Enquirer: 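Following this message is one structure expressed as structure tokens.
Hydrogens, waters and symmetry mates are skipped; everything else that's a heavy atom, side chains included, is used. Note that this is a predicted model, so its numbers are computed, not measured. Chain letters run A, B, ... following the sequence lines, proteins first and then strands; every chain starts at 1.
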Protein chains: 2
Amino acid sequence: MRIGELAEATGTTTKTLRFYEASGLLPPPTRTPAGYRDYSDDATARLDFIRRGRAAGLTLAQIRDILTVRDTGRAPCGHVRQLLAEQLDAIDAQLAELHALRATVAQLHDSAANAEPDTCPPAQVCRYL
Amino acid sequence: MRIGELAEATGTTTKTLRFYEASGLLPPPTRTPAGYRDYSDDATARLDFIRRGRAAGLTLAQIRDILTVRDTGRAPCGHVRQLLAEQLDAIDAQLAELHALRATVAQLHDSAANAEPDTCPPAQVCRYL
DNA sequence: ATGAACCTTCCAGTGCACGGGAAGGTCAAG
DNA sequence: CTTGACCTTCCCGTGCACTGGAAGGTTCAT
């Protein structure tokens, strides 16, 4: 498939796909005689993985590290385990912070929802936050 | 308190404090006769709020919106509730994605931890990922 | 064979959240 | 009265993840 089709299929842009290739996230695909990029089907799975990682806040460098280990396989297994453990720790830390923020925002929202409309007259400071 | 003390007290830098002021996150403090910034104590609480939001992945623009509403208080209460609800939704979506990523990374890590060392001979592709 | 819709490389710019460092003013200690 | 640590503004640089646009080649339908 050509770059435009892959971009369409994965909900991204041709610009981003070339950028990912230059950044080492996508392996250089084969080319047609005219020089067009010709992607195989597993590119979509790879891009889905990248998209999931991005949506969860991983950097491209982190995602590239995981993919590189997967691709080369020459890294010692201990290194793979360590890398995955580090990613798990990072994700857990992020989850903890996100849960904490959710709690405070939820509390603010509850007090705003439970307040009487009359307790917030115009021209007075709104103390929901 | 002066800008250096405030930076020290909140674990940030004078550069960041001036940047926050220019970005509308911190109100311009009073000045000493010499032109030095002279912060009141509630600046530390405000910066703690900013720090919590940042740690959880909110942008400065989102934090500024919340702070602006709090400061002016002239926004209708419905707007405040809506803003908080949107933040909650965004946080929940981020949490869901982060949980999903955690699950896949945890699975990879488990299979790596449970694998026999001998099943990963050198020069063979490591299929932990 | 011509026009639209693709594709190529390359270079430059964007938005975010700062950080570096210059050039100069201020303040307390010795 | 000088030294050093602070402060001021101003402007440029950085890293990340793209995004825009120029200049040109390819493919395909009409």
Enquirer: Rounded to whole angstrom units, what separation is found between the CZ atom of B:Arg18 and the C1' atom of D:dT8?
Expert: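 Rounded to whole Å, this separation is 7 Å.
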Enquirer: Quick check for you: to the nearest 0.5 Å, what is the distance between B:Thr30 atom OG1 and B:Tyr36 atom OH?
Expert: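 Answer rounded to 0.5 Å: 14.5 Å.
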Enquirer: Does this structure show an ion pair linking A:Asp41 with A:Arg46, if we count only N-O contacts that are shorter than 4.0 Å?
Expert: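 A:Arg46 and A:Asp41: not salt-bridged.
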Enquirer: Give, for atom OH of B:Tyr39 and atom CG of B:Leu47, the distance between the pair rounded to the nearest 0.5 Å.
Expert: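 Between B:Tyr39 OH and B:Leu47 CG, I get 8.0 Å after rounding to 0.5 Å.
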Enquirer: Using 0.5 Å steps for rounding, measure from the CZ atom of B:Arg54 to the CD atom of B:Gln62.
Expert: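 Rounded to the nearest 0.5 Å, the CZ-CD separation comes to 10.0 Å.
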Enquirer: Give the C-alpha distance, both sets of side-chain angles, the deciding distance and a yes or no for side chain to side chain contact (heavy atoms under 4.5 Å, CB included) between A:Leu26 and A:Leu67.
Expert: CA-CA 9 Å; A:Leu26 287 180; A:Leu67 289 172; over 6 Å; no
Enquirer: Residues from residues 32-50 of chain A sitting under 4.0 Å of DNA chain D, heavy atoms only?
Expert: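 Under 4.0 Å from DNA chain D: A:Ala34, A:Tyr36.
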Enquirer: With distance as the sole test, does B:Thr16 use its side chain to make a donor-acceptor pair with the main-chain N or O of B:Thr12 at under 3.5 Å?
Expert: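 Such a contact is absent between B:Thr16 side chain and B:Thr12 backbone.
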Enquirer: Nearest 0.5 Å, please: how far is CD1 in B:Ile63 from OG in B:Ser23?
Expert: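 One finds 11.0 Å between OG of B:Ser23 and CD1 of B:Ile63.
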Enquirer: Might you work through the side chain to side chain contact (heavy atoms under 4.5 Å, CB included) test for B:Arg18 and B:Ile3, ending with a clear yes or no?
Expert: CA-CA 9 Å; B:Arg18 294 194 198 94; B:Ile3 195 170; 3.5 Å; yes
Enquirer: Where each residue is assigned the nucleotide of DNA chain C containing its nearest heavy atom, which of B:Thr12 and A:Arg2 is assigned the position nearer the 5′ end?
Expert: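 Taking each residue's closest nucleotide, the earlier one in sequence belongs to A:Arg2.
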Enquirer: Please check if the number of heavy atoms outside A:Gln107 that lie under 6.0 Å from its CD is greater than 12.
Expert: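 12 or below, so no.
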Enquirer: Using a cut-off of under 3.5 Å, enumerate the N/O to N/O pairs linking the protein to nucleotides 20-24 of chain D.
Expert:
| unit_1 | atom_1 | unit_2 | atom_2 | d |
| --- | --- | --- | --- | --- |
| D:dG20 | N7 | A:Lys15 | NZ | 3.1 |
| D:dG20 | O6 | A:Lys15 | NZ | 2.8 |
| D:dG21 | O6 | A:Lys15 | NZ | 2.0 |

Enquirer: Give the residues of residues 21-31 of chain A touching DNA chain D, defined as any heavy atom closer than 4.0 Å, sorted by residue number.
Expert: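 Nucleic-acid contacts, sorted: none.
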Enquirer: Scan nucleotides 13-18 of chain D nucleotide by nucleotide, 5' to 3', and note B when protein non-hydrogen atoms come under 4.0 Å of the base, S if they reach only the sugar-phosphate, - if neither.
Expert: ----BB
Enquirer: If you measure from CD on B:Gln94 to NE2 on B:His99, what distance do you get to the nearest 0.5 Å?
Expert: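 Spacing of CD (B:Gln94) from NE2 (B:His99) equals 11.5 Å.
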Enquirer: Starting from P on D:dG25, measure out to CD1 on A:Ile3 and report it in whole angstrom.
Expert: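 To the nearest whole Å, that distance equals 19 Å.
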Enquirer: Restricting to side-chain contact (heavy atoms from CB on, under 4.5 Å), what partner residues turn up for A:Ala96, sequence neighbours left out?
Expert: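 For A:Ala96 there are no side-chain contact (heavy atoms from CB on, under 4.5 Å) partners, ignoring immediate neighbours.
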Enquirer: Between C1' on C:dA5 and CD on A:Glu5, what's the gap in Å once rounded to a whole number?
Expert: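 Nearest whole value for this atom pair: 13 Å.
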Enquirer: Under the side-chain contact (heavy atoms from CB on, under 4.5 Å) test, which residues partner A:Arg64, sequence neighbours left out?
Expert: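 A:Arg64 satisfies side-chain contact (heavy atoms from CB on, under 4.5 Å) with A:Leu25, A:Ala61, A:Thr68 once adjacent residues are dropped.
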Enquirer: So, are B:Arg2 and B:Asp38 salt-bridged, with charged N and O less than 4.0 Å apart?
Expert: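 No, B:Arg2 and B:Asp38 are not salt-bridged.
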